[in-house]
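In what follows, chains are A, B, ... by sequence order, proteins preceding strands, each numbered from 1.
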Amino acid sequence: MSNIHIRTRFAPSPTGFLHVGGLRTALYNYLFAKQNGGKFILRIEDTDRARLVEGAEENIIETLRTFGLDFDEGPIKQSEHLKRYKELAEELIQKGVAYEDAGAVRFKMPKGGVTKFIDIIHGEIEIENKTQEDFIILKSDGFPTYNLAHLVDDHDMEITHVIRGDEFISSMPKYIALHGAFGWELPQYAHLPLILGKNRAKLSKREGEVAVKDFLDDGYFKEAILNFVALLGWHPSKSDKEIFTLEELIKEFKLEDVQKAGAIFDTAKLDWMNSEYIRQKSPRELLAYLKDAGCPFGRPASKSGDLEKIIALEQPRLKKLSELLEKTDYFFREPEYEAVLLEWKNMDNNQIKNSLELSAELLKAVSDKDFTKENLEKIFLERAKDFKDRGELLWPLRVALTGRKASPGPFEIMEILEKEKSISRVQNAINMLK
RNA sequence: GGCCCUAUCGUCUAGCCUGGUUAGGACACCACGCUUUCAAUGUGGGAACACGGGUUCGAAUCCCGUUGGGGCCA
C-alpha cells in the first residue's frame with residue numbers, strides 16, 4: 001500500500017466501440033493501479049467532434065463494466081474543459097512560446113537538442129527535436145488537439161503513469177516540451193506495443209471483428225477474452241501459467257515484463273481458452289448465462305432439466321456457446337439426413353436394416369423407468385458382441401437418432417430423447433431403407 | 001521519403017540484462033492409444049533464434065551493419 005497515490009487512466013476517444021486493443025490498454029492500466037493500491041480513472045477524449053460516433057461512449061463504459069474493470073473516478077469528459085485549454089493556450093502565448101496562426105494556436109517547438117526520456121517498457125529513448133515542427137495546440141474552432149488536451153488533463157487529474165499505445169512515442173518531444181513550458185512534472189510513461197491484425201498492420205475496423213462486443217455476442221466468455229487479451233504482450237516471469245482470473249492478474253502482472261514487439265491477434269488460441277472456460281462451468285451456469293444473453297436455446301420449451309443434460313453432452317465439444325443451438329438441433333426437431341449416412345463401413349442396405357430392426361426391438365423391451373444411459377449401454381454393448389464390430393449396431397442407431405456424422409453417443413442421447421421418440425426415430429430410419 | 005519502435009517455431013511467448021540449454025511452454029497441426037462417430041483425454045512428433053560481420057575458447061544472449069515488419073509525420 002506504499003503507492004497509494006498511483007493514478008492511471010484509460011482515455012479512449014469515443015470514435016467507435018471498444019476494441020480489443022483498447023480493452024488491453026484499459027486492463028493493463030487497471031492492473032497496474034490495483035496492484036499498487038492506486039486509482040484507475042476513465043477519461044473520454046471527445047474533442048474531435050467530427051469523428052464522434054453515437055453510442056461509442058456508452059459502449060466503452062458498458063464494456064469496461066462487463067469486464068469488471070471498474071474505474072474509481074470518471075468518466076471525465078474533455079469537452080467540459082474547453083475553457084481550461086483555452087486559458088492555458090493563452091498563457092503560452094503570453095510566455096512567448098506559442099503564437100496564433102490562422103485562428104489556431106501553435107506551440108513553438110525547440111529546434112535544437114534531443115529529447116531523452118525513460119519508458120518503463122522500452123527503456124531509454126532519444127529523439128532529435130528538429131524532427132518536430134511547431135504544432136497546433138488549439139484549433140480555430142476553439143477545441144484543443146490531442147497534443148494539448150491529453151497532457152493538461154493528465155496533469156490536472158494527477159496521473160502518475162501514462163500507459164498507452166506505442167503510436168505516441170514519436171510525438172514524445174512535443175509532450176515533454178509542453179510540460180517544460182508549463183513547468184509541470186512529467187508522469188512516468190509505458191508505451192504498449194500495438195496489437196496487429198493477421199496482415200501485421202494495426203488492427204482496424206475494416207478487418208471485421210475487432211469490437212469487444214462482437215466477441216461477447218459471438219459466445220466468447222468475458223473471462224476468456226480478458227485472459228486472452230492479458231496474454232497478448234505479457235507473460236508471467238516465473239511460470240508458464242496461462243489461465244488467470246482478474247484477481248490473479250492483479251497479483252502477477254508486471255508492467256516491466258510487457259513485450260516490446262507487436263502481437264498478432266489470432267483467435268485460434270482464444271477459441272481454445274474459451275473452451276477451457278466452458279468446461280470449467282456447470283451446465284446450470286451455462287444455461288443461466290444463455291438465458292441472460294437472451295439466447296433462444298431450448299425454445300419451444302422442454303423440461304429445464306433436459307436442457308442442462310443437453311448442455312452437459314455438448315459442453316466438451318464447444319468452442320463458443322453460440323455453437324450450441326446448431327449442434328443440438330436434433331433434440332428439438334426431427335433429424336433430416338440422407339439414407340447413405342446410415343451406412344457403416346461396407347454394410348449393405350439389408351444389413352443396416354437388420355441392425356436398426358434389432359435396435360428397435362431392444363429398445364421396445366426396455367421399460368420407461370430403465371431407459372437410462374447406463375442400462376441402454378449395457379444392453380446394446382452386450383448385443384454388439386454378435387457383430388463383426390460394434391459400429392455395425394451403433395453407427396446406424398446413432399445416425400437414426402441424430403441425422404449427423406458427428407455427435408455424442410447414442411445412449412446418452414436416448415436417455416434425454418426418451419423411449420417413444422427414440423424408437424420412432426429408429427423406425428423412421430428403417431422406413432427410409434425400404 | 002524523414003524520424004521512431006521492433007525482430008526466437010504458423011501464432012502467443014520463455015530464455016537475452018548476469019555468454020556455455022538436447023533453445024522450454026501454450027495454441028494450432030500430424031501420428032498413435034482410448035472409441036460406433038465427433039469431441040474430451042493420454043502419449044509421441046514435425047516446427048524457430050531474419051541475415052552478415054565482429055568480440056570471445058564459446059554468441060539466441062554483447063557490439064556494428066543490413067534486411068524485414070510496424071508506427072508517427074509528410
In whole Å, what is the span from the CD atom of A/Glu377 to the P atom of B/U35?
12 Å

Is the phosphate of B/A7, meaning OP1 or OP2, less than 4.0 Å from a side-chain N or O of A/Gln259?
no

Could you state the CE-P distance from A/Met172 to B/C4, rounded to the nearest angstrom?
15 Å

Does A/Arg279 make a side-chain N or O approach to OP1 or OP2 of B/U41 shorter than 4.0 Å?
yes

Measuring from the side chain of A/Arg317 (C-beta onward, heavy atoms only), which nucleotide among B/C12, B/C4, B/C38 has the closest atom?
B/C38

Between B/U61 (C1') and A/Lys260 (NZ): distance, integer Å:
13 Å

Pairwise C1' distance, B/A48 and B/A7 [rounded to whole Å]
12 Å

Heavy atoms only, 4.0 Å cut-off, all strands: where does A/Ser407 land among base, sugar-phosphate and nothing?
base

Is there a Watson-Crick or G-U wobble partner for B/G68 with both distances under 3.5 Å, and if so, which one is it?
B/U6

Whole-Å gap separating P (B/C12) and CG (A/Asp257)
18 Å

If we ignore hydrogens and angles and just use 3.5 Å, is the side chain of A/Glu377 paired with the main-chain N or O of A/Pro410 as donor and acceptor?
no

Using a 4.0 Å heavy-atom cut-off, does A/Pro410 contact any base of the nucleic acid, only the sugar-phosphate backbone, or nothing at all?
base

Using a heavy-atom cut-off of 4.0 Å across all strands, would you classify A/Arg398 as base, sugar-phosphate, or nothing?
base

Pick the C1' atom in B/G15 and in B/C49, then give their distance to the nearest Å.
10 Å

With sugar-phosphate meaning primed atoms plus P, OP1 and OP2, does A/Pro408 contact a base, only sugar-phosphate, or nothing at under 4.0 Å between heavy atoms?
base

With respect to the phosphate group of B/C27, does any side-chain polar atom (N or O) of A/Trp272 fall under 4.0 Å of OP1 or OP2?
yes

A/Leu194 has a side chain; which of B/U11, B/G71, B/A39 sits nearest to it?
B/G71

Between A/Phe228 and A/Phe265, what is the ring plane arrangement, given parallel below 30°, perpendicular above 60°, and tilted in between?
perpendicular

From CG of A/Leu356 over to P of B/U36, roughly how many Å is that when rounded to an integer?
17 Å

Please give the nucleotide sitting opposite B/C32 as a Watson-Crick or G-U wobble pair, both distances under 3.5 Å, or none.
B/G42

Student check: side-chain heavy atoms of A/Asn59 and A/Lys213 closer than 4.5 Å
yes

Which class fits the ring pair A/His81 and A/Tyr85: parallel under 30°, tilted 30 to 60°, perpendicular over 60°?
tilted

Side chain of A/Trp344, heavy atoms from C-beta onward: which of B/G70, B/U37, B/U11 has the nearest atom to it?
B/U37

At 4.0 Å (heavy atoms only), tell me whether A/Gly165 reaches a base, stays on the sugar-phosphate, or touches nothing.
nothing

Kindly point out which of B/U41, B/U37, B/A14 is positioned nearest to the side chain of A/Glu276?
B/U41

Whole-Å distance separating the NZ atom of A/Lys241 from the C1' atom of B/A14
17 Å

Using ring pair (Phe, Tyr, Trp, His ring centres under 6.0 Å) as the criterion, list what pairs up with A/Trp234, not counting sequence neighbours.
A/Phe244, A/Phe253

Using atom P in both nucleotides, what's the gap between B/A47 and B/U6 to the nearest angstrom?
31 Å

Without decimals, in angstroms, what is the distance between A/Glu133 CD and B/C4 C1'?
16 Å

When the P atoms of B/G24 and B/U41 are considered, how many whole Å apart are they?
23 Å

How would you label the contact of A/Ile125 with the nucleic acid (heavy atoms, under 4.0 Å): base, sugar-phosphate, or nothing?
sugar-phosphate

Find the distance A/Leu231:CG to B/G25:C1' and express it as a whole number of Å.
11 Å

Please check the phosphate of B/U6 (OP1 and OP2 only) for any side-chain N or O of A/His122 closer than 4.0 Å.
yes

Both A/Asp266 and A/Ser170 contact RNA chain B. Which one's nearest nucleotide lies toward the 5' end?
A/Asp266

